[in-house]
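Here is the structure we will look at, set down as structure tokens.
Counting starts at 1 for both ligands and their atoms, following the listed order. Keep in mind the model is a prediction, meaning the values are calculated, not measured. Numbers here are sequence positions counted from 1.
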Amino acid sequence: MAYILGIETSCDETAAAVVRSGEQVVSNVVASQIAIHWPYSGVVPELASREHLRALVPVVRRALEEGGQTYESVDAVAVTQGPGLAGALLVGVSYAKALAFALDKPLIAVNHLEGHVHAVLLEEKQKGNRELGFPVLALLVSGGHTHLYMAERRERGWTYENVGQTRDDAAGEAFDKVAKVLALGYPGGPIIDKLARHGNPEAVKFPPAYIKGRPRPGRSRRRAGADTPGFTFDFSYSGIKTAVLRYTETHSMQQVIEQRRLALAEMKSAKADEVLKLCDHQTLDLVASFQRAMVADLVGKTLNAARELDVATLFVTGGVAANSELRAAFERDAAMAGLPVYFPSRPLSTDNAAMIAAAAYPKFLAGKFAGLELSAEASLPLK
Ligand code: KG4
Ligand code: ZN
């Protein structure tokens, strides 16, 4: 049995957690920075780093206390090395290095994206589900990423092959930018998720993103058949964001949006039901139609990749995996395709440190420890 302290500071959540042997969440503390970034409708990197500096020590202390642990009792310290905001990552990495050194405990570097995959594995193990079918295809859909990975469990841990990704904006970024264009508050995803229930998703038609095929090297291509023409599993979301902006211009929505922007500027943060009161039917229809188009694209392209790559299991993870319509559509369409699909619970879909501690466990078993020369890597790839 091993207790791993996980630390996560890659973006706008300061998080620490204790996880037992990669399968039991002992404590999970997340300090959100929403109120700090709210006035800017997006994450301001300098403010994020400063807030991590302020919040990290108390957050770690709380995670240990709530888990009935002490600095001395944990078996290892795991930290997100990247990808993410360089300054934000640096706070977590420097702190974890100092802590591991002072306590003389192993230090484990974790890729944030691997953390999102392990959020699913952790909870499935916690529920007693140890029989996953392989190969696994993981859709990682967050504010910074929309990536498809083939994930494999090997003797010395997990390996990942990237088989598709966004060519421009990430899906969560599109949710956040559309919320900014329409003045709905920040972060956009959870607000749009709630507002969309009040609009007509058929009201506005968005053309599907056409992506010119490019041949893909590697194992996944062989699996799908090397002669598959124009073969691609990529995504693109900058077009739909521009389409929403154009729609507001051609439908004279600017005045309504500006009024809402002024009303929200008065508040420090607002819940979706408060934003709802500031929305007319046209806005709600646009929001519902945007979400419908995003969901259709994510689900359609992922299931297409799953079919072509002949996978046995699907994971959907990352902040956008918290979206209700996305979950329902995946559950419905994957069931029709006879494909088991797994999501993390909502609290573990968005950024947290339990997923970092869980992803560290196979590395702990394999003795894959980081040295004190470890540095944060803003563009760390997942392999
Ligand atoms: O994984 P995450 O917490 O941070 C990154 O690694 O990026 O994801 C944050 C993203 C944000 O873009 C946020 O708007 C989106 O996830 N998000 C959602 C929902 N909850 C969070 N998007 C759609 N529906 C949601 N319910
Ligand atoms: Zn994330």
Side-chain angles (χ1 to χ4, degrees), residues 6-15 17 28 30-34 37-38 41-43 45 48 52 80-85 88-89 92 110-120 138-147 149 165-166 169-182 184-197 237 240-241 269 271-272 275 287-288 290-295 297-299 315-330 343-356 358-359 378-380 382:
I7 293 170
E8 152 68 37
T9 64
S10 68
C11 190
D12 58 346
E13 328 270 7
T14 314
N28 184 28
V30 181
S32 160
Q33 301 182 359
I34 289 180
H37 302 292
W38 169 269
S41 305
V43 181
H52 286 310
T80 304
Q81 182 188 9
L85 300 170
L89 289 164
V110 175
N111 184 305
H112 180 82
L113 306 178
E114 179 167 32
H116 278 302
V117 173
H118 279 260
V120 182
L139 170 66
L140 219 147
V141 64
S142 70
H145 293 85
T146 304
H147 280 50
Y149 290 99
Q165 65 190 64
T166 180
D169 291 355
E173 192 179 351
F175 272 91
D176 296 339
K177 285 181 176 168
V178 162
K180 189 169 180 175
V181 163
L182 297 176
L184 301 173
Y186 154 85
I191 298 171
I192 288 179
D193 190 350
K194 298 216 175 69
L195 295 181
R197 293 166 206 172
Y237 295 116
I240 191 166
K241 170 198 67 191
S269 69
K271 296 237 171 342
V275 183
V287 163
F290 161 76
Q291 180 171 282
R292 176 62 56 90
M294 291 295 293
V295 166
D297 190 82
L298 284 164
V299 175
F315 285 5
V316 181
T317 186
V320 182
N323 186 273
S324 340
E325 190 175 342
L326 185 76
R327 282 179 181 242
F330 260 118
F343 309 88
S345 62
R346 280 198 173 74
L348 289 202
S349 295
T350 47
D351 287 350
N352 65 87
M355 68 186 197
I356 302 303
S379 309
L380 187 68
L382 179 60

Does any non-hydrogen side-chain atom of [Y] lie less than 4.5 Å from one of [X]?
| X | Y | value |
| --- | --- | --- |
| Asp193 | Phe175 | no |
| Leu182 | Ile192 | no |
| Leu382 | Tyr149 | yes |
| Pro83 | Asn111 | yes |
| Arg346 | Arg327 | yes |

Quick one: look up the protein heavy atom nearest [atom] and list residue, atom name and how far away it is.
| atom | answer |
| --- | --- |
| atom 26 (N) of ligand 1 | Asp193 OD2, 2.9 Å |
| atom 12 (O) of ligand 1 | Asp176 OD2, 2.7 Å |
| atom 7 (O) of ligand 1 | Gly143 N, 2.8 Å |
| atom 24 (N) of ligand 1 | Asn323 ND2, 3.0 Å |
| atom 17 (N) of ligand 1 | Gly319 O, 3.5 Å |

Using heavy atoms and a threshold below 4.0 Å, how should the contact between [X] and ligand 1 be classified: side chain, backbone, both, or neither?
| X | result |
| --- | --- |
| Thr350 | both |
| Glu13 | neither |
| Asp351 | both |

Do you know which two heavy atoms are closest between [X] and [Y], and how far apart they sit?
| X | Y | result |
| --- | --- | --- |
| Asp351 | Ser10 | OD2-OG, 4.1 Å |
| Arg197 | Ser324 | NH2-OG, 2.9 Å |
| Ala170 | Ser142 | CB-O, 3.6 Å |
| Leu195 | Ala272 | CD2-O, 3.8 Å |
| His116 | Thr317 | O-OG1, 2.7 Å |
| Leu140 | Leu113 | CD1-O, 3.5 Å |

Looking at ligand 1, does [X] have a heavy atom less than 4.0 Å from it?
| X | value |
| --- | --- |
| His145 | no |
| Arg346 | no |
| Pro190 | yes |

Find all atoms of ligand 1 within a distance of less than 4.0 Å from any non-hydrogen atom belonging to [X], and give their numbers and elements.
| X | answer |
| --- | --- |
| Gly172 | 12 (O) |
| His116 | 1 (O), 6 (O) |
| His112 | 6 (O) |
| Gly144 | 7 (O) |

Inset, instruction - With sequence neighbours excluded, tell me which residues meet salt bridge (charged side-chain N to carboxylate O under 4.0 Å, His left out) with Arg292. - result: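 Only Glu202, Glu325 meet the salt bridge (charged side-chain N to carboxylate O under 4.0 Å, His left out) criterion with Arg292.
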Inset, instruction - Would you check if the side chain of Thr9 reaches a backbone N or O of Ala88 as a donor-acceptor pair within less than 3.5 Å? - result: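 Flag set: sc Thr9 to bb Ala88 pair under 3.5 Å.
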Legend entry - Polar side-chain atom of His112 near backbone of Ile356 as donor-acceptor pair, under 3.5 Å: no
Inset, instruction - Would you check the N or O atoms of Gly189, main chain and side chain alike, for any that come under 3.5 Å of an N or O of ligand 1? - result: yes
Inset, instruction - Show all protein N/O/S atoms under 2.8 Å from the Zn ion (ligand 2), or state that there are none. - result: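 Near the Zn ion (ligand 2), the protein supplies His112 NE2, His116 NE2, Asp351 OD1.
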